[in-house]
Trainee: 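Dropping a structure here in structure tokens format, bear with me for questions.
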Amino acid sequence: MKSTLFWIHRWIGVLLALFMAVWFASGIVIMYTENLNESREAQLQHAEPLKPQADWLSLGEAWERSAAARKAQATAEKALLTEGKTQPTAQTGAKASASADSIVDARLLREAGQPVWLIENGPGKRFAISALDGTLRRISVEDALRTAAHWVSSEGGPAAVSYLDTIETDSTLNNQESWKPFHRIAVEDGHGTQLLISARTGEVIRASTEFERALYYTGNWIHLLRFIDVISPGESRHNVQLWLGFGATAACLTGLIIGWLRWRPGWFGKPTYSRGRTQPYRDVWWKWHFWGGLIGGTVALGWGLSGYLSTNPWQMFSNANPSRAELVQYLGSDLPQTMRDWKPGLLDESEVVELNWRRLGGEAILLAYTADGARFVHSTQGGAERFSEAALLDAAHRLYGVEKSITAAALDDYDSYYYPRRGRGTWDRPLPAARVDVADSSGSRLYVDPLDGRILVKQDQSRRVFRWAFNLLHYWDLAWLQVRPLWDAWMLTWIGLGLVLSVTSVWLAWKRLKLTFRVKRRAGTPIQVGATPLPETSAG
């Protein structure tokens, strides 16, 4: 049994030593890099002043006038999918069940000087529809250059912009089907800044300097194995992550057991190794490997195990987000008449850069956003000032069933399951929030933004387990540990021990491979003494 334990640890270590060294090194880079993609706050900060006019189309008018163009686009995309030129996504089936005519989100803003309704439908497709004539817009290179020029000027820089190319996909993006293809625009600012602009919606998806991209590629891109998506799109990256996570967990677990078996601290008069050593190794590489594993192995095991669990093996955990069909159920299929018929008019607030219609069932709210990220309810005839508790509960009943007992409570402070994520600000975790609890066997729960009705977090018992099994073990996001530099010192200490463990593993693996595959002298081969071989006998 013990020899099997050593064999498993040795050969998993040989196979994964280099991977784990890169894994720990890229983890340090991730600690000090921000999300490469633009946040909603940044998009609002660089948005053009809206200045709506009374002759602009209502949401309903724009949606109806674009119906034929949207249908033609859907037919063309379906043809590409049938011909195998487009990879189907993992949620293709779920999206197909959601109504293509339902509106999930509708925003009115300016792009390249033109008023546009940006609309997201039930299956998750996004459309840029002109608020002047209802045509379905396709963002040209000229439009992208104008958007880029405004983005740069809003930062106070006079730098020139130029077109690089148009790409179909980008390996740094998640869920990019709704935005692709993309125009890449270069900014001549001396920092190698590039803007990635959706050719479908006109939104700036990413604005990054050359240094920021280098950090991303040496951090997230390597750590999350995103290069596999370039080589083999589909489920390949998920499968590789699953098996690497399993192997890393096995290597750490067997190593910890071996370390504890071989550690002899000499407590209570028990014997130690020769010369009072508490471990059996004399070679410096073995010593560092032993102590790095014995001290840091438990945290390394937690990182390996949480990385493995993040792939959701055997579908142990429920989905973190509602499916498209569930989102349509939650919002309700019918568009409120107020939301459909409201016509843009003059606004007194010149700082407004976007108007956003939100709905729950029969209630609709028009939110106005300013460049500094502030939002307020824009009064409209027939529109609500805020969503009622009844609308919120009805939405939850549509999602979970009318027979379920559902309660809602105001949340004025963060808890263990709803808190701001590191590096993402509070946009997706605002306060106050509403916590909606469902009395079902799964312990379902929603955290909802009471102002715009968004589902911020969707949970059940399995997701709460995931919060501790992954988020805690991988990010150490305990409230008391979030104070910097305490969190930095904690993480750097354990990552440093992980690097010691993995770098020594690389060296020891190399020595093992040389020992295993070295050319062995066959019996009867002449033995050389100096430069003169001994004569062979007649018997050979």
Trainee: If you draw a 6.0 Å radius around CH2 in Trp510, do more than 12 non-hydrogen atoms from other residues or ligands fall strictly inside?
Mentor: no
Trainee: Can you classify the ring geometry of Trp23 versus Phe19 as parallel (below 30°), tilted (30 to 60°) or perpendicular (above 60°)?
Mentor: parallel
Trainee: Over all heavy atoms of both residues, which pair between Tyr330 and Leu360 is shortest? Give the atoms and the distance, please.
Mentor: CE2-CD2, 3.5 Å
Trainee: Is the positively charged end of Arg213 above the ring of Tyr216, judged by distance under 6.0 angstrom from the centroid and angle within 45° of the axis?
Mentor: no
Trainee: Working note: Arg429 + Arg421, criterion side-chain contact (heavy atoms from CB on, under 4.5 Å); need CA distance, chi angles, decisive distance, verdict.
Mentor: CA-CA 8 Å; Arg429 298 289 191 272; Arg421 292 179 288 183; 3.6 Å; yes
Trainee: Ion pair present between Arg324 and Glu120, side-chain N to carboxylate O less than 4.0 angstrom?
Mentor: yes
Trainee: Counting distance only, does the side-chain N/O of Arg464 pair as donor-acceptor with the main-chain N or O of Gly443 below 3.5 Å?
Mentor: yes
Trainee: Looking at Lys404 and Asp440, does any basic side-chain N land under 4.0 Å from a carboxylate oxygen?
Mentor: no
Trainee: Pick from Trp468, Trp303, Phe470, Tyr419: which one makes a ring pair (Phe, Tyr, Trp, His ring centres under 6.0 Å) with Tyr475?
Mentor: Phe470
Trainee: Nearest 0.5 Å please: distance from the CG atom of Leu244 over to the CG atom of Leu225.
Mentor: 6.0 Å
Trainee: Return yes if some donor-acceptor pair links the side-chain N/O of Asp283 with the main-chain N/O of Lys287 below 3.5 Å, else return no.
Mentor: no
Trainee: May I ask you to decide whether Asp452 forms a salt bridge with Arg375, counting only side-chain N to carboxylate O separations under 4.0 Å?
Mentor: yes
Trainee: What's the verdict on side-chain contact (heavy atoms from CB on, under 4.5 Å) for Arg262 and Tyr273, showing C-alpha distance, side-chain angles and the deciding distance?
Mentor: CA-CA 10 Å; Arg262 290 203 154 190; Tyr273 295 96; 3.9 Å; yes
Trainee: Would you call Ser505 and His289 a side-chain contact if the rule is heavy atoms closer than 4.5 Å?
Mentor: yes
Trainee: Please examine the side chains of Trp288 and Val500, heavy atoms only from C-beta on, and report whether any two atoms are closer than 4.5 Å.
Mentor: yes
Trainee: Strictly distance-based, threshold 3.5 Å: is any side-chain N or O of Gln482 a donor or acceptor partner for the main-chain N or O of Trp476?
Mentor: yes
Trainee: So that I can tick it off, tell me whether Arg40 and Asp428 are bridged by a salt bridge, with the cut-off set at under 4.0 angstrom between side-chain N and carboxylate O.
Mentor: no
Trainee: So among Leu501, Leu497, Thr493, which one has a side chain to side chain contact (heavy atoms under 4.5 Å, CB included) with Ile295?
Mentor: Leu497
Trainee: Heavy-atom distance under 4.5 Å between the side chains of Leu256 and Leu301, does that happen here?
Mentor: yes
Trainee: Which is it for Asp105 and Arg358 under the side-chain contact (heavy atoms from CB on, under 4.5 Å) test, yes or no, and what are the steps along the way?
Mentor: CA-CA 7 Å; Asp105 187 49; Arg358 302 294 303 175; 2.9 Å; yes
Trainee: Should Arg467 and Asp477 count as side-chain neighbours, where that means a heavy-atom distance under 4.5 Å?
Mentor: yes
Trainee: Find out whether Arg445 and Arg435 are in side-chain contact, i.e. whether some heavy atom of one side chain is under 4.5 Å from a heavy atom of the other.
Mentor: yes
Trainee: For residues Leu411 and Tyr418, report the shortest heavy-atom separation together with the two atoms involved.
Mentor: CD2-CD2, 3.7 Å
